[in-house]
Amino acid sequence: MESSAAEKVTDQIVDILKQQVKLNPTQIRDALGTPPTAELGDYAFGCFTLAKEWRKSPTAIAQELTKRLRPESYIKKIENAGPYINFTVDREKFTPLVLREVFSRGDSYGNCDVGAGKTVVVDFSSPNIAKPFGVGHLRSTVIGNSICRLYRCLGYTCIGINHLGDWGTQFGKLIAAYKRWGKEGQLKAEPVRQLYSLYVKFHAEAQKEKSLEKEAREWFRRLEAGEREAIRLWRWFREISLKEFQRIYDILDIHFDSYAGESFYNSMLAETIEEVKAAGFAQESQGALIVDLERFGIPPCLLRKSDGSTLYATRDIAAAIYRFNTYRFDKMIYVVGADQRLHFQQVFKVLELLGYPWADALVHVPFGLVRFGNGKMSTRKGNVVFLEEVFQRAVELTEKIIEEKNPELQDRREVATQVGVGAIVFNDLSTKRMKDVDFSWDRMLNFNGQTGPYVQYTYARFSSVLRKYGRQVEDNVNFSLLNSTMETRVVKLLSRFPEVVKRAANEYEPSVVATYLLDLCEASNQFYNHFRVLSEDLETTKARVLLVWCIKTVLGKGLKVLGMKAPERM
Ligand code: ARG
């Protein structure tokens, strides 16, 4: 695939520099940054890494080197500033290069083929059956979805797996609770809510009545033994919960390639345990089977409890082996909250001990909590927010705002859904992954803030300009009419998009894209507020319309990468 405009420019800088310095292209690229102001130039090369070899101060090196360098092709000016060498691109060449690239690639702008022929598996969302789909799972869902989309942009085949929490001791508790207090009719009407209140009730009652825990363990044992009644209830709970989760995935328009959850691996667990034993790593400890990981400074990994039941970790070990055999992945990413860091350390370590060379292709991508101003929410105590209600509320609030702003809008409900849901998604993804997400309606629905609605609104605004223009957009325009600082700023941002996608994927950090979109909106709105796009002057109009088309395309693609909709009108 041809390199992007921005790559062509950095390649050029590398070419210019490598004749004079003993650094390889990667080292040169790593030393390239952006000067503090656009007047100083577009790229800055810091001479710090050369100090040792040249036995001079970086400032002296920068001075000397600058004298030896000659601008060519896309580079117009090379100047020295302190320890830096600043490169200014030739706008006359750069602007057409960028805009023609965006124009010809359209929606595929930002894609590349570094991942061609490779597969990544992304394990994300993975809610627990019979528990409400919580905000933590929402984070995993939107981050994981965006990571899938980012990797697809890089040419990877991406397999999204929903590792449903559909097995484990909680089912013993649920069955026990259902047997005591459950009503079939209620459960059918509001499955997750009812199952959840059974779960909460179980924990409250178990405080008073010790025998309940025993009852639950007994039911889970029966379940693991495949006894009919236990299996029947489990299957039913699973099915009705999944149906409810499906509604949330539909709202978000998210799809999975596989719903193989924890129960899927049941038949493989005995073999997995045998494998660990045969490799000589399993060890009995107070009746339980563990892998001692002390020499790695990690607490032991529990494979089987003393009552014979298997565990979360065992299922993850079996799942990883199964997935490698099935998908031959080059990388597997687990998008799971930071509180499970230790679990993944243990699982990855056991797989490494078993000698799987792909164990180092496993990545845990953790994330912070969602805060509603009153701390983390726990499923056991019952102070949980039901996600569907959160979405409904977002849509209602958005609909009111749109009603005021644009009473004439035709499919208001649909647009409000796209924007309301998008506001929640963007609020999550614009926060750096490891930071806690702050959940405030006012903030995330502010159409002028650093929000999803703001980006979507900007997209709709440029769409409307193109509708008004009403003619075919073309890329043979007079590019010298786009030479103002504001326009150049937009062009430069547009040129950065492919690199932004790459960085976001490499760092598993969709916030890189979200932040970029906010910058692009800001620069584009500034351009739009300052210049009339559609005017009497045909030549200027044609040039500005091309710029608008490119902005719209990149904003639309960026929203898509985040898993959001791009409404044409709003
Ligand atoms: N169901 C788990 C939970 O809610 C998350 C599963 C993550 N994926 C995995 N392969 N362990 O805590």
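Counting starts at 1 for both ligands and their atoms, following the listed order. In this chain, numbering begins with 1 at the start of the sequence shown. Worth saying up front: this structure is predicted, and the values here are computed from it rather than measured.
Counting heavy atoms under 4.0 Å from ligand 1, residue F344 touches it through the side chain alone. The part of D316 lying near ligand 1 is the side chain, judged by heavy-atom distances below 4.0 Å.
Between N427 and F439, the shortest heavy-atom distance links the atoms ND2-CA, 4.3 Å. Here the closest non-hydrogen pair linking I161 and S126 is O-OG, 4.4 Å. Considering every non-hydrogen atom in both S306 and Q286, the closest pair reads CB-O, 3.9 Å.
Atom NZ of K277 has more than 12 heavy atoms from other residues, nucleotides or ligands within 6.0 Å.
By the 30° and 60° cut-offs, the orientation of the rings of F256 relative to F124 is tilted. Ring orientation note: the planes of Y334 and F344 are tilted relative to one another, at an angle of 30° to 60°. Ring geometry for F329 against W358 counts as perpendicular: the plane angle is over 60°, on a 0 to 90° scale with 30° as the lower cut.
A cation-pi geometry, defined here as NZ or CZ lying under 6.0 Å from the six-membered ring centre and within 45° of its normal, holds between K349 and F296.
Of the polar atoms of Y334, none of the N or O atoms is found under 3.5 Å from an N or O of ligand 1, judged by distance alone. Residue R323 places no N or O, backbone or side chain, under 3.5 Å from any N or O of ligand 1.
Residue contacts with ligand 1 include Q340, since one or more of its heavy atoms lies under 4.0 Å from the ligand. At least one heavy atom of Y312 sits less than 4.0 Å from an atom of ligand 1.
Regarding atom 1 (N) of ligand 1, its nearest protein heavy-atom neighbour is N128 OD1, 2.7 Å. Nearest protein heavy-atom contact of atom 8 (N) of ligand 1 is D123 OD1, 3.1 Å. In terms of protein heavy-atom proximity, atom 9 (C) of ligand 1 is closest to H163 CD2, 3.4 Å. With respect to atom 4 (O) of ligand 1, the closest heavy atom belonging to the protein is H137 NE2, 2.7 Å.
Of all atoms in ligand 1, numbered sequentially from 1 with element shown, those under 4.0 Å from a heavy atom of V336 are 7 (C), 8 (N).
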